[in-house]
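Worksheet: one structure, shown below.
A, B, ... follow the sequence lines: proteins, then strands. Residue 1 opens every chain.
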Amino acid sequence: MSELPKAYEPRAVEEKWYAAWIEGRCFEADPSSAKPGYSIVIPPPNVTGILHLGHVLNNTLQDILARRARQSGKEVLWLPGTDHAGIATQAKVERVLRESEGTTRHALGREEFLKRVWEFKDTHGDIIIRQLKRLGCSCDWSRERFTMDESYSRWVSHVFVELFKEGLIYRGRRIVNWCPVSLTALSDEEVIMTPRKSKLYFVRYELADGSGRHLAVSTTRPETLMGDVAVAVNPKDPRYAEFVGLTVRRPFPAAEIPVIADEHVDMEFGTGALKITPAHDKADFEISLRHGLEIIDVLTPDGRIDCPQCPDLHGLDRFEARKVAAAKLEELGLLIKVEDYENSVGYSERAQVPVEPRISMQWFLRYPCAGEAADAVADGRITFRPARWAKTYAHWMEHLQDWCISRQLWWGHRIPVWYRKDKLDALKQAAALGMEDFTRGDIHVAIDPPDDSDDWVRDDDVMDTWFSSWLWPFATMAEPGGNSALLRKFYPTDDLVTGPDILFFWVARMIMAGLRFTGDIPFRNVFFTSIIRDLQGRKMSKSLGNSPDPVELMDRYGADGLRFGLMRIAPVGSDLRFDEHSVEEGRNFANKLYNACRLRQMAGGGCVPPADPQDLPPYHIDILAKLDALAEDLVAGFAGYRFGEIAQRLHEFLWSEFCDKFLEAVKPDLRDGASEAARNATLATFDAVMSRYLQLLSPYMPHIAEELSARMGYISDGEFVMNRRLPETRLVDFDADVAQAKAAAVYESAGRLRNLKTECNVATRRDLRFIVRNHPAWIDAESRVLAMLAGAATISLEPDYDPPKGTPAAVTPCGECYLPLEGLVDVAAERARLEKEIAKIRGEVARCEAKLGNPGFVDRAPADVVDQEKARLADWIGKLDRLQAMLDALS
RNA sequence: GCGCGCUUAGCUCAGUGGUAGAGCACAUCCUUCACACGGAUGGGGUCGCAGGUUCGAACCCUGCAGCGCGCACCA
């Protein structure tokens, strides 16, 4: 027999099989296949991203689903690709340019900058793809897509044009979330509300009539005071009724502004008087529209004060200006007081600075098919797992706000709108643009530029990245507006696996886009993964440095080990606390499996054809039946998407059932001197179980399953276990209950005997003799196995045995077992043990008696529960009597 | 303010009304010919708190507390 290394070494094996699968085109989907289709689209990772544990979890789940579907006879398409990730990628390339060339995108110009981004994408874009391959992902790489591919880009423009024509996309001057670092608008979803300690300033606005009376206004943002155009009070507020219609003096720059009444003002908050700064607050903006007020913008796009009339503030950063403005008010005697205050401030997801509500011209989308999309989840056409996310979804869908889809970036899909050069100024000034301007011919909205393109100027902005991502399930499968064999075979997709953090960003929007542009839902099931946290419960993040590098983990534990370890601890609905120990366990599990097969290989003898299973010893029948049970449990587990439970079952079967019990029980059959029949039966059983087990394991640990299947000869050359159909027959098609009961009795008894040995302090001795009486008849044939499992020299069956007083004993399913130790027993220790045991059992007896003495229980509980309790009581009492006798004998 | 989760062994978590479970960690022992990435044995929990329903509650109901998340508001 060839010398196999003692420990499994995954690295080379995993690389070898991944290459073989690619070579064998195992992952490629055939849309013309007669088999039923099954499809998943990958949540496209950022093209310049690198693999983190969230990706590992997410993509392992998808790979398991895809591989299981292949085994179940489906034609599988797992469609991979990457996302151009507008802000993230542009920011990354800008940083690289700054650090390596000391230049900026503006210095390079739009065209040159985009060239650089494409170069960057070409050199770094496949890192994460290579990492996914390392993990073993069975994506159809021949169909890899990128959100800025030519045809995908046409889809994005097509959708924009269609929605524009439908009147759902419009351009308008609104308050948007502005990121002063990225210098672009953001959607509401990209703003993270964070509680922050700040100050509430109470400012005196004196009446312009010289009466000396004043209004006290409370504000957190004195630095925008220069943009004030009014002070508002609630019309129902009696305190201020007389002020409405008068004017007050704005502290600086000096101006008289009106006091107005508006329902929005909360009388309870602060002083009940609100300064109105329309350019820098959404509510103020809306009030200004209602009252026809002027809008004064006092901030630059990068968040500095733009107010030449106030030279001491002009040009200051907004937070610096806040302090200066407060000091200025103090100087003027207009600052009444400052209170500590905690409020929530919106932060830019990416730049991690507070966003600025800013008025600007942007493109907006009113969502299509919103009602139908809400219904699709509510009525179960789309299933969310865990189901509770459906509620979150429904809530969001009920409160849909128009989506700001334009971004002031260069990297992305440019808005497909051209303006007539001679109308440009007028169009720029317009408060809103829509269908009317289009039909008048002032703007051109189409996938392609206008013919006389010299007379037109294209819109500078690009679209929000998610405005391309929301088309992913179908835009990856067909040309714009078109149909394809792929789409017909694989759309709607079956499962979507993603994180709940992008429910609004992506999932909800995909449902609406799918319904609008294909007339069908994009997927049938959405499986929301856990959020991975560290052991302290913190989110994984780069800045905390608590995010382990999955590639390093794979280097140390193997891709299979990482996959299996993660799956085993992935809870169904809640967050996952990552512990590297679990990956280590995954690796250990692979090693255990490998060594079980090594044992088989060392026994040699090729693949022996199975004997008639009915004639096999009970251990063999037992393990065959347990494999059948495992296969069934997996069917149920997959139906319920209980991935963690499945991993647990796979682990338990191999380790506890197959190795700890079966292999230990049959070891003698593999040694020299065993009978040929016994040896054959054992080898055949091993192979029957292991070949199927490897198949069941294959979706979770595909590499080692393939390696061992090949090495053990379970598959032929050129065949792959990943492509083999799951068998529909059972290994045991007869009643195995008797055999299984015997096997269980022996395993259980062996445990009790080992336990007895430990208690008698002879755990390591192997020369002991157990004497058994009151045993079932069949035990005769199994006593040798029982002796071996118990670590005893012999088991003597002596029905008439009369144990000397004080002989240690254990009641087992295989009879009363005695361990005569002739002087080896420490009497005092044995007494102590017995007394302890007796006390414990008295407690149990008392509990049982109390329960059975309760008329309510006896009358009302189901008969079988009561019987069970009675049997239990009888057991305890019997055991108590025996122990008491042993104790008496000792004295 | 509204909503959703969670609270079970030292840790991470299973457990849908009938004797509290697993893995890890811990302790003791074992380098016996598949595996020390291993084997054997053991200790360890009044299931967050208080009520209620029930013969019986970790489980169902109510309230409370703590932790986490989402949404809204925030002058």
Side-chain angles (χ1 to χ4, degrees), chain A residues 4 6-8 193 195 198 200-203 217-221 231-232 264-266 269-277 281 283-284 341-345 386 388-389 391-392 395-396 398-399 500-501 503-504 531 533 535 537 557 561 568-579 581-582 584-603 642 644-645 648 651-652 655-656 659-660 663-664 667 670-672 751 754-759 761 763-764 766 791 843-844 847-848 851 854-862 864-866 868-869 872 876:
Chain A
L4 297 172
K6 277 190 165 190
Y8 175 59
M193 299 307 281
S198 65
L200 191 56
Y201 301 84
F202 291 77
V203 183
V217 164
S218 43
T219 179
T220 52
R221 304 203 61 190
V231 170
H264 172 264
V265 181
D266 179 358
F269 191 93
T271 59
L274 169 65
K275 73 188 194 68
I276 302 300
T277 321
D281 183 279
D284 290 7
Y341 181 65
E342 184 173 303
N343 64 344
S344 290
V345 178
R388 65 188 149 82
W389 291 110
K391 228 172 179 174
T392 309
H395 184 263
W396 191 72
E398 275 167 31
H399 298 87
D501 49 333
L503 172 55
F504 306 142
I531 304 246
R533 298 176 180 279
L535 283 172
Y557 303 112
R568 219 164 135 239
I569 57 166
V572 182
S574 48
D575 292 355
L576 181 159
R577 300 215 171 184
F578 179 77
D579 185 347
H581 280 300
S582 66
E584 199 179 330
E585 280 176 54
R587 189 248 344 231
N588 294 354
F589 179 65
N591 191 55
K592 186 77 175 175
L593 175 64
Y594 167 83
N595 272 292
C597 290
R598 203 160 72 97
L599 171 69
R600 164 68 182 87
Q601 271 195 307
M602 289 166 93
R642 293 189 297 271
E645 196 180 305
Q648 197 62 42
H651 184 274
E652 183 200 15
W655 206 299
S656 307
C659 292
D660 288 352
L663 286 187
E664 291 305 325
K667 260 181 186 171
L670 303 179
R671 298 215 174 107
D672 293 340
R754 285 192 301 260
N755 172 331
L756 188 63
K757 283 173 67 182
T758 302
E759 285 172 348
N761 285 319
T764 54
R766 318 210 112 226
E844 298 290 349
R847 195 192 50 74
C848 284
K851 198 161 184 179
N854 177 353
F857 173 69
V858 180
D859 298 345
R860 310 275 291 271
D864 58 322
V865 173
V866 176
Q868 196 187 334
E869 197 66 29
R872 205 173 281 147
W876 287 126

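Taking atom C1' on both nucleotides, rU41(B) is separated from rA58(B) by 29 Å, rounded to a whole Å. Comparing rC60(B) with rC4(B), their P atoms sit 16 Å apart, to the nearest whole Å. For the P atoms, the distance linking rC6(B) with rC59(B) amounts to 13 Å, nearest Å. Atom name P, nucleotides rC30(B) and rG18(B): the rounded distance is 43 Å, in whole Å. For the C1' atoms, the distance linking rG21(B) with rA14(B) amounts to 7 Å, nearest Å. Across the C1' atoms, rA36(B) and rU19(B) are found 36 Å apart, a figure rounded to whole Å. Remark: the separation of the C1' atoms in rC26(B) and rG10(B) is 8 Å, to the nearest Å. For the C1' atoms, the distance from rC47(B) to rA9(B) is 10 Å, rounded to whole Å.
The base of rA34(B) is not paired with the side chain of K6(A) by any donor and acceptor separated by under 3.5 Å. With hydrogens and angles ignored, a donor-acceptor pair under 3.5 angstrom links the side chain of R587(A) to the base of rC37(B).
T764(A) comes within contact range of the sugar-phosphate backbone alone, with a heavy-atom separation under 4.0 Å but no base atom that close. Among the heavy atoms of the strands lying under 4.0 Å from E664(A) is at least one base atom, whether or not backbone atoms are also near. C597(A) comes within contact range of no nucleotide atom at all, as no heavy-atom separation falls under 4.0 Å. If you check every strand for non-hydrogen atoms under 4.0 Å, R568(A) touches sugar and phosphate atoms only. Heavy atoms of V858(A) sit nowhere under 4.0 angstrom from any nucleic acid atom. Contacts of E869(A) with the nucleic acid, taken as non-hydrogen atoms under 4.0 Å apart, are absent. Using a 4.0 Å heavy-atom cutoff across all strands shown, L274(A) reaches at least one base atom of the nucleic acid. Nucleic acid contact class of R577(A) (heavy atoms, under 4.0 Å, all strands): sugar-phosphate only. Among the heavy atoms of the strands, none lies under 4.0 Å from D579(A). As judged by a 4.0 angstrom heavy-atom cut-off over every strand, D284(A) is placed among residues making no nucleic acid contact. In this structure, I531(A) reaches neither bases nor backbone, as no heavy-atom distance under 4.0 Å exists between it and the strands shown. Within the 4.0 angstrom heavy-atom criterion, base atoms lie near A861(A). Using a 4.0 Å heavy-atom distance criterion, P862(A) is classed as a base contact. Residue contacts shown for D266(A) include a base, since a base heavy atom lies under 4.0 Å away.
Atom NE2 in H581(A) sits about 15 Å away from atom P in rC11(B), given to the nearest Å. Taking atom CG of residue D660(A) and atom C1' of nucleotide rA40(B), one finds them 10 Å apart after rounding to whole Å. What separates CZ of R388(A) from P of rG70(B) is a distance of 13 Å, to the nearest Å. The NZ-C1' distance, from K667(A) to rG38(B), rounds to 10 Å in whole Å.
Using cut-offs of 30° and 60° on the angle between ring planes, the pair Y8(A) and Y594(A) is tilted.
With the nearest nucleotide of RNA chain B identified for both I569(A) and A763(A), I569(A) has the one nearer the 5' end. With RNA chain B read from its 5' end, the first of the two nearest nucleotides for R766(A) and T219(A) is the one closest to R766(A).
Base-pair partner of rC73(B): not found among the strands shown (Watson-Crick or G-U wobble, both distances under 3.5 Å). Of the nucleotides present, none pairs with rU32(B) by Watson-Crick or G-U wobble criteria with both distances under 3.5 Å.
Between K6(A) atom NZ and N591(A) atom CG the span is 11.0 Å, to the nearest 0.5 Å. The structure places CG of D284(A) at 7.5 Å from NZ of K275(A), a figure rounded to the nearest 0.5 Å. From D281(A), atom CG reaches atom OG1 of T219(A) across 9.0 Å, with rounding to the nearest 0.5 Å. The CG atom of N595(A) lies 11.0 Å from the CG atom of N588(A); values are rounded to the nearest 0.5 Å.
Among rG23(B), rC74(B), rU41(B), the nucleotide with an atom closest to any side-chain atom of E585(A) is rG23(B).
In this structure the side chain of E869(A) reaches within 4.5 angstrom of the side chain of F857(A), judged on heavy atoms. I569(A) places none of its side-chain heavy atoms less than 4.5 Å from the side chain of D579(A).
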